[in-house]
Each structure stands twice: as structure tokens, then as C-alpha cells.
There are 2 protein chains.
Amino acid sequence: MRVLAVEDDPRIAADLKTALEAAGYRVETCADGLDAWFLGDTEDYDLVILDLGLPHMDGLSVLKKWRANGREMPVLVLTARGAWTERVEGIDAGADDYLPKPFRMEELVARARALIRRSAGRASASQSVGDLTLDTNRMSALIGGVPLSTTALEFRLLSYLMLHRDRVVPPTELLEHLYGDDDSREANALEAVIARLRRKLGPGVIGTRRGFGYFLEGDAA
Amino acid sequence: MRVLAVEDDPRIAADLKTALEAAGYRVETCADGLDAWFLGDTEDYDLVILDLGLPHMDGLSVLKKWRANGREMPVLVLTARGAWTERVEGIDAGADDYLPKPFRMEELVARARALIRRSAGRASASQSVGDLTLDTNRMSALIGGVPLSTTALEFRLLSYLMLHRDRVVPPTELLEHLYGDDDSREANALEAVIARLRRKLGPGVIGTRRGFGYFLEGDAA
DNA sequence: CGGGAGCTGTCAGCGTTTTGTCAGGTATGT
DNA sequence: ACATACCTGACAAAACGCTGACAGCTCCCG
């Protein structure tokens, strides 16, 4: 999945890129209105995240031009807080959703996912590896077809492993994903979560590669 | 696209006509409640803009009569400033949007366009999940076939959950939807609404996924 | 104009669930 | 066999969400 993030504040842009990549998307960023317009017009994205205040051409104009050209990818607009007119103009210009700044990254990712899925037309949001199935929309997990109750933290851990099912994920990376970088946690916290999960899941789901990290078993053992 | 503007102040009516025609719509105006009712009942409009204070029959009554007759065109109601009850009654009577007077013409046009666009892609009026049925036109809720009286806020919450019934909706998103971004609310306000709703609905309707958000139960448990 | 009713946000406190930490234990690789 | 990496169960703190009471507000009705 390819995402274009148009945002001229370099810090926010970097955060966007990080968060969306963590969510498994391929992300390109762009800080200029004209560039954005060109990119959106010529490349195929599954989603565009569009800030309104941009150099050379403002976001709304960019969006309108895209739509006028028949470009129909979903666009999530970032609006200034409380600026309701912006939202109205946004709808009018063809935006699919908005998010007022400032926003929490998790929420942005959630919306992004929703938009992508909607546009994909009914593509189910669930993925499986071996006996394990995750539905990131319902935030529910199935193990061998049986519903499994997981806590938020556990579920996020599983999702992350699912997302990167093709490789072994190092503990440091998991820690960072689960807790942001505010780490004041002992490294052991992660092990505790894994242990609790394994008790629920049974054996043969979460594998360990000693010295490297964790992975989901059963994909292509 | 055909628009009916019902407004008894000739100056505002003229402005409406001008603005909407500039936006590319075919506009008919009408200054009388009874005439409006007749027109809306017999002609096919893509949008009606409806002032509430009208001679011979007030706007709300007109709207209710239309809806009772199964007329489902989108209606944008013009309300007096700050008259919150009017807005509630408006929604209740089947309005799709409202605009407090005085308003800027650009905003009216933007909303009008949004409504027309939305109506182009809208499905049926009533939807169900489990025991809960919502009729968005009449703003009525049924629980197990029994009518349920909900407040405007409660109903909006339910509608939003219904709209996104395929996923778990995070509290932040609900807050934003319910209150716009004027937030000076405590996060707890949402919980209060949920609690009140649950008391009315009984158990097994609104579910919580701790750490993620709320959802309507019974869809495909 | 005043009382009353309905709606809704705030607050404080509660119970539950979640989760980090600790103190050992067990496996693994060299 | 030894050190290191990882696992586990128990515990306590913290987070989270729920609830009931209350007060402010608006609107309605006399």
C-alpha cells in the first residue's frame, strides 16, 4: 500500500512517515503544493494525507485539481483546530475524511486504515498466519477459529508481528512500537506480555529466535 | 440539479437564488409554507433549502409532512441563531443539515453541495445491528422492535456507531464527531452519554473493547 | 416573569482489568 | 559447564471505564 503524506512541517511529516510505516505502508512525503499536485496526478497512491497550508499551492486547490482530473484516491485532510469552514470546504473539494490538528498518531493511522479499506471496497481487514487470525477493525483475534480475548497491548503486539510476519522482529523494535520511545520500562515487560499471550494462544504461535527476536510461526515455517 | 429555496424574506431569497445559480444549480424559490409543501410533494428536487418561519404553514410542519409522505430529498434547514431546540426539532423532523442565520453564502453553497453529493450515494434510511434499529430520517430508534426515546446527542452517537458498525470506534473519534472540535469537554462526557444510553438500551448493545473504543454488538459476534 | 422539566457536562469515587516489576527458574549456545 | 538469554508466576500499582449525584443550561408553559 502506497501513501503520500503532504505536509510542510518537517517534524510532523517525519512523524507521519514513521507512524504510517510502522503500520505497514510505503510512505512518500512531500512538502510543497505544486509537487504534491504533480505526484498525486501522475502516481498511483492508495491514500493521500493532505495538509492544507502548503507552499506554492494550498491543499484545497491541489485536491480540487486532482478531482477535476478524475483522480479518485481517498484523501484525508488535516485541518486546523476548530476551523469548521475548512472542513466544509474540504468536503466540497472532495476530501474523504479530516482530522483536526493536533491529533494522535494512532488515530491518524486508524483513519488511514479505514479509508484505505473503504476504497478497497469491502476488503476484509483480517489477516492470518497459521492458526491465528487478526481483525484490526474489530480488534479481535481468533485462534483456530475460536475467539480469543486479548488486551489492547497484547493485540497491538500481535498486530505488529502479523504485519512483519516475514521476518524476526527484535525486542527493541517491539518495545519501541508498543511504548513509543518514552521507555522507562524494564526490558522484561515485553517478555511478560509475550508470556501472557503464549498462555492464551497455546504453543506454536509466537516463536523465539534466541538473540534476535520474535515471530509468528506457521506462515511458511 | 434542481434546488428549491423556501424563504419568505425576499432579500434573502434573492441572495440564495443568485448564489446557488452561480454554483450551477437550477433554483426555484417559494415564500409560502403551503406552496412549499405542495411543490416539495409534487416536484422532484435534489435539495430543498428551508427557512422555518413561513406564512400559512411553518417550515417544520412542511418538512414533517414531506417525510410522512415518503419524500426523501435532502433538506437544509435555516435556523435562527442559537436556537438549539430548533435544530433538534429540525433533525427530528427529518432535516439533513442546518445552518444558523445569519450565514455566509459561501458556506451555504458548500453545505448544499455536500448534501447533494451525500444524497447521491446514500442507501436505505433505516439500518439494524442486532436488536437495534435506527431510522436516520425519522431520528427514531427501536430496540427489539420497541420504540426508544433518545436525546439528540444519544442518537447521534448511535448513528455514528451504526455507520461504522464494522469496526471499533475510538473514543477520540466519537468525541470529535459529537462535539466538533470546540472541545472543552472532559473525556468523561462521552462515558456519561454511553452510560445513559446503556441504561435505556439494556445490555448487549453497546460493547466496549477496553483500550480501543466502542462498537455495536450483535452484528456478527 | 418564574417555576419546572429535560438534557448534558462535571466531578468524585469505585471496581475491575491490565500491566510493569521482581524473583527466581529453565533453556541454549559456546 | 557456564554465562547469557529468555520464561514464568505472583504481586502491587496504575490505568481504564463505569456510575450516581449534582449543577448549569435551555426551553417550555403557565
Side-chain angles (χ1 to χ4, degrees), chain A residues 104 106 139 141 148-158 168-172 174-180 182-215 217, chain B residues 52 60 79-92 100 139 141 148-158 168-172 174-215 217:
Chain A
R104 292 214 331 258
E106 305 98 72
M139 304 296 179
L148 178 80
S149 97
T150 60
T151 71
L153 191 70
E154 286 165 358
F155 189 84
R156 285 201 288 147
L157 173 43
L158 284 180
V168 173
V169 182
T172 48
L174 278 173
L175 279 170
E176 194 179 317
H177 173 73
L178 290 182
Y179 304 118
D182 324 331
D183 56 322
S184 51
R185 271 107 181 158
E186 301 284 322
N188 185 251
L190 176 63
E191 291 167 17
V193 180
I194 297 261
R196 282 191 274 257
L197 260 174
R198 287 215 254 239
R199 193 180 318 163
K200 290 182 183 176
L201 293 165
V205 181
I206 300 181
T208 307
R209 187 130 293 150
R210 183 171 245 255
F212 292 101
Y214 301 94
F215 62 97
E217 292 182 37
Chain B
L52 290 192
L60 278 182
T79 75
R81 180 175 208 84
W84 170 253
T85 30
E86 269 190 2
R87 306 173 72 174
V88 173
E89 285 172 16
I91 302 184
D92 206 21
M139 193 178 151
L148 179 80
S149 95
T150 59
T151 70
L153 189 70
E154 286 165 356
F155 190 83
R156 283 203 288 151
L157 173 43
L158 284 179
V168 173
V169 182
T172 47
L174 278 172
L175 279 170
E176 194 201 320
H177 174 75
L178 289 182
Y179 305 119
D181 341 274
D182 321 332
D183 57 325
S184 50
R185 270 103 180 162
E186 300 286 321
N188 187 254
L190 176 63
E191 290 165 18
V193 180
I194 297 260
R196 283 190 271 258
L197 258 176
R198 286 214 254 239
R199 197 175 315 161
K200 290 183 184 175
L201 294 165
V205 181
I206 301 180
T208 305
R209 200 144 255 105
R210 197 171 227 258
F212 288 112
Y214 299 95
F215 62 99
E217 290 183 37

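Just so we're on the same page: letters track the sequence lines, and every chain starts at 1.
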Heavy-atom nearest pair, A:L190 first then A:L174, reads CD2-CB, 4.0 Å
Quick one: on DNA chain C, does B:A187 or B:T150 contact a more 5' nucleotide (nearest heavy atom)?
-> B:T150
Picking from C:dT19, D:dT19, C:dG9, which would you name as closest to the side chain of B:A195?
-> D:dT19
Angle, rounded to 10°, between the helical axes spanning five pairs at each terminus of the helix from C:dC1-D:dG30 to C:dT30-D:dA1?
-> 30°
Specify the residue among B:F212 and A:Y214 whose closest nucleotide of DNA chain D lies further upstream toward the 5′ end.
-> A:Y214
Sole residue of B:R199, B:K200, B:R198 in salt bridge (Lys or Arg N to Asp or Glu O under 4.0 Å) with B:E154 = B:K200
Whether each nucleotide of nucleotides 24-30 of chain C has a protein heavy atom under 4.0 Å at its base (B), only at its sugar-phosphate (S) or at neither (-) is summarised, 5' to 3', as ---BB--
In whole angstrom, give the distance that lies between atom CD1 of B:I194 and atom C1' of C:dG9.
-> 15 Å
Report yes if some heavy atom in the side chain of A:L158 is under 4.5 Å from a heavy atom in the side chain of A:L201; otherwise report no.
-> yes
Which part of the nucleic acid, if any, lies within contact of A:R196, taking any heavy atom under 4.0 Å across all strands shown: a base, the sugar-phosphate backbone alone, or nothing?
-> base
Nearest-Å distance for atom pair CG/C1', residues A:L197 and D:dC7 = 14 Å
Run the side-chain contact (heavy atoms from CB on, under 4.5 Å) check on A:L148 and A:F155 step by step: do they pass?
-> CA-CA 10 Å; A:L148 178 80; A:F155 189 84; over 6 Å; no
Are A:Y179 and C:dG20 close enough that a side-chain N or O sits under 4.0 Å from OP1 or OP2?
-> yes
Assign B:R199 to base, sugar-phosphate, or nothing according to its heavy-atom contacts below 4.0 angstrom with the strands shown.
-> sugar-phosphate
Quick one: which of C:dG20, C:dT18, C:dT8 gets closest to the side chain of A:T151?
-> C:dT18
Does A:T208 put a side-chain nitrogen or oxygen below 4.0 Å from OP1 or OP2 of D:dA5?
-> no
C:dT17 P sits how many Å from B:R209 CZ, rounded?
-> 15 Å
Between atom OG1 of B:T150 and atom CZ of B:R156, what is the distance when rounded to the nearest 0.5 Å?
-> 11.5 Å
Starting at CZ of B:R196, measure out to OG1 of B:T151 and round the result to the nearest 0.5 Å.
-> 8.0 Å
